[in-house]
Amino acid sequence: MTIGWLDLAAGASGDMLLGALVDAGVPLHVLAAPVAALPVEPITLTTEPATRHGLGATRVHVHAPPSHVHRTWADVRALLTDAVLPPAVREGALAVFERLAVAEGRVHRVPAEEVHFHEVGALDALADVVGVVAGFTHLGLDALTASPVALGSGSARGAHGVVPIPGPAVLELLRGVPVVAGPVPAETCTPTGAALLAALVAEWTTLPAMRVQRVGSGAGGRDPEQLPNVVRLVLGEPADQPADELLLETNVDDLDPRLWPGVLTELLAAGASDAWLTPILMKKGRPAHTLSVLCRPGALVAVHDVVVATTSTIGMRVQPVRKVALDRAQARVEVLGGQIGVKVARSGGRVVNVSVEFEDVAALAGQLQLPVKEVLRAATAAAERAHPVTPAG
């Protein structure tokens with residue numbers, strides 16, 4: 001189980017969140033690829049090291065041509081719907097912009113559908129939203145929490161004239177969220193940053209008890225004298241986390257072996273993350289099998305019921321186990337005119353293992369009436385080209 005916590009003592013903006021993600025080990029291409037897929041003028045992301053009050057951080061720059069297009073919520077929704085994006089990224093970005101539309105509509109007393117995005121409708125804001133959503137999707141956190149948000153104070157000039165800080169849309173977006181002005185007399189939380197936080201953060205709290213694994217610091221453009229202008233992303237696992245999974249085992253010596261494939265299939269359908277058999281020799285020289293099943297604690301009852309119903313066991317051993325798992329992501333590659341699923345595993349941000357989905361390979365081989373080994377060879381080569389293993393160092 002991996003959790004994250006955002007330190008928002010300096011506020012939040014889209015580019016600061018992008019920087020924190022990159023600094024925490026999310027590869028830049030994970031953020032940049034979906035941004036480049038947007039059907040708008042070319043947008044690119046670059047990074048540079050930054051220092052804020054002696055604290056090292058990463059700053060992400062969004063490079064986009066000048067744009068005078070004032071998009072409505074309907075325009076942005078159509079743009080994101082038409083973009084070639086992973087479903088989770090598309091849905092996440094739509095949710096963020098919907099929050100923005102509703103908040104702006106309430107502030108300006110117009111229906112959300114009629115809201116014209118000015119500052120938040122610019123290309124850099126589109127890049128911020130899509131990039132940040134893609135980054136957190138890549139991390140696959142079980143929970144994201146955050147500190148109270150510093151919003152700033154004073155006033156600023158926007159598209160509609162002078163507005164107070166915190167901005168009306170920011171306050172609308174963060175209803176029910178603990179906020180403070182903070183020590184900086186300027187805007188420290190942008191509407192885009194507020195919408196991202198409202199959509200992504202599950203709980204607002206001080207740093208939870210956790211075993212820290214990675215920390216990323218994303219720098220803002222300003223360097224105020226009051227405090228380091230950074231968002232910190234802390235990743236780890238809960239300190240009081242129970243066992244990642246449970247291991248259930250039982251020895252069976254009187255089950256027709258033809259039943260075992262069905263047993264394993266039912267266990268996986270019931271929520272087991274893995275299930276396997278080990279040949280053993282029991283008392284009186286009886287050949288038998290040890291059935292081993294891994295499952296989350298929440299799936300214990302369902303898995304137990306399947307074992308009891310499908311085997312002849314009269315008891316099981318249950319013990320907690322811990323797992324060390326690599327970061328992983330799903331992708332697809334084009335092979336011989338078809339699509340093959342690919343699992344990409346990373347360690348410390350480096351690609352260390354790439355494997356193709358054999359069932360996809362077998363299905364495509366059947367469609368093309370080719371030997372499975374030939375399609376497997378082509379798929380493996382395509383996966384390696386698309387996701388080359390990164391050398392250490």
Side-chain angles (χ1 to χ4, degrees), residues 1-3 140 142-143 211 237-332 338 340-345 347 352-377 379-380 383:
M1 181 177 184
T2 302
I3 62 173
D142 293 283
R211 296 182 180 89
E237 61 180 23
D240 56 350
Q241 176 183 342
D244 291 329
E245 297 205 354
L246 299 175
L247 175 62
L248 287 68
E249 289 187 329
T250 182
N251 298 339
V252 179
D253 65 357
D254 56 353
L255 188 70
D256 188 322
R258 293 173 294 182
L259 297 175
W260 282 121
V263 172
L264 299 179
T265 299
E266 289 197 42
L267 286 169
L268 295 175
S273 56
D274 202 359
W276 65 95
L277 294 174
T278 304
I280 60 172
L281 194 65
M282 292 180 60
K283 61 186 178 181
K284 300 181 181 179
R286 295 173 182 170
H289 290 91
T290 296
L291 171 63
S292 302
V293 187
L294 276 176
C295 70
R296 293 279 188 178
L300 174 60
V301 173
V303 169
H304 171 273
D305 290 347
V306 169
V307 174
V308 171
T310 60
T311 76
S312 55
T313 186
I314 57 174
M316 282 175 285
R317 302 178 294 278
V318 180
Q319 56 183 317
V321 294
R322 302 300 300 272
K323 290 174 56 177
V324 178
L326 298 180
D327 294 332
R328 67 197 76 180
Q330 298 286 341
R332 301 192 73 79
I340 298 294
V342 177
K343 292 179 182 177
V344 183
S347 177
V352 296
N353 193 31
V354 180
S355 61
V356 299
E357 295 289 354
F358 186 79
E359 291 183 356
D360 291 354
V361 170
L364 181 58
Q367 294 173 16
L368 300 178
Q369 295 185 338
L370 289 173
V372 175
K373 68 175 185 178
E374 296 302 324
V375 179
L376 178 60
R377 181 172 62 178
T380 302

Participant: Quick check on Glu359: does its CD atom have over 12 non-hydrogen neighbours (other residues, nucleotides or ligands) under 6.0 Å away?
Facilitator: no

Participant: Can you confirm whether Leu267 sits close enough to Leu291 that some side-chain heavy atom of one is under 4.5 Å from a side-chain heavy atom of the other?
Facilitator: yes

Participant: Might you point out which heavy atoms bring Ala270 and Val306 nearest each other, and give the distance in Å?
Facilitator: CB-CG2, 3.7 Å

Participant: What residues form a side-chain contact (heavy atoms from CB on, under 4.5 Å) with Val301, not counting sequence neighbours?
Facilitator: Asp305

Participant: Within the 4.5 Å heavy-atom criterion, are Trp260 and Thr311 side-chain neighbours or not?
Facilitator: yes

Participant: Nearest 0.5 Å please: distance from the CG atom of Leu255 over to the OG1 atom of Thr310.
Facilitator: 8.0 Å

Participant: Judged by atom type as modelled, is there a donor-acceptor pair below 3.5 Å linking the side chain of Ser292 to the main-chain atoms of Glu249?
Facilitator: no

Participant: Atom CG of Asp253 and atom CE of Met282: how far apart are they, to the nearest 0.5 Å?
Facilitator: 4.5 Å

Participant: Would you call Arg317 and Leu247 a side-chain contact if the rule is heavy atoms closer than 4.5 Å?
Facilitator: no

Participant: How many angstroms lie between atom CD of Gln319 and atom CG of Leu248, to the nearest 0.5 angstrom?
Facilitator: 9.5 Å

Participant: Does any non-hydrogen side-chain atom of Glu245 lie less than 4.5 Å from one of Asp274?
Facilitator: no

Participant: Got a second to check how far Ile3's CD1 is from Arg211's CZ, nearest 0.5 Å?
Facilitator: 10.5 Å

Participant: When rounded to the nearest 0.5 angstrom, what distance separates CG in Leu376 from CG in Leu370?
Facilitator: 12.5 Å

Participant: Check Val293, Val308, Val318 against Val303 for a side chain to side chain contact (heavy atoms under 4.5 Å, CB included) and give me the one that passes.
Facilitator: Val293

Participant: Rounded to the nearest 0.5 Å, what's the gap from CG on Asn251 to CG on Leu281? Could you check?
Facilitator: 11.0 Å

Participant: State, to 0.1 Å, how close Gly271 and Ala299 come at their nearest heavy-atom pair, and which atoms those are.
Facilitator: O-CB, 4.0 Å

Participant: Below 4.5 Å, heavy atoms only, C-beta onward: do Glu237 and Asp142 meet side chain to side chain?
Facilitator: no

Participant: Check whether any side-chain heavy atom of Val342 lies under 4.5 Å from a side-chain heavy atom of Val354, and answer yes or no.
Facilitator: yes

Participant: Nearest heavy-atom pair of Gly341 and Asp360: which atoms, and what distance?
Facilitator: N-OD2, 2.9 Å

Participant: Listed by chain and number, what are the side-chain contact (heavy atoms from CB on, under 4.5 Å) partners of Gln367, not counting sequence neighbours?
Facilitator: Leu364

Participant: Restricting to non-hydrogen atoms, name the atom on Cys295 and the atom on Ala272 that form the minimum distance, rounded to 0.1 Å.
Facilitator: CB-CA, 4.1 Å

Participant: Please name the pair of heavy atoms, one in Leu264 and one in Trp276, separated by the smallest distance, quoted to 0.1 Å.
Facilitator: CD2-N, 4.1 Å

Participant: Give me the atom names and distance for the closest heavy-atom approach of Ser312 to Val252.
Facilitator: OG-CG1, 3.5 Å

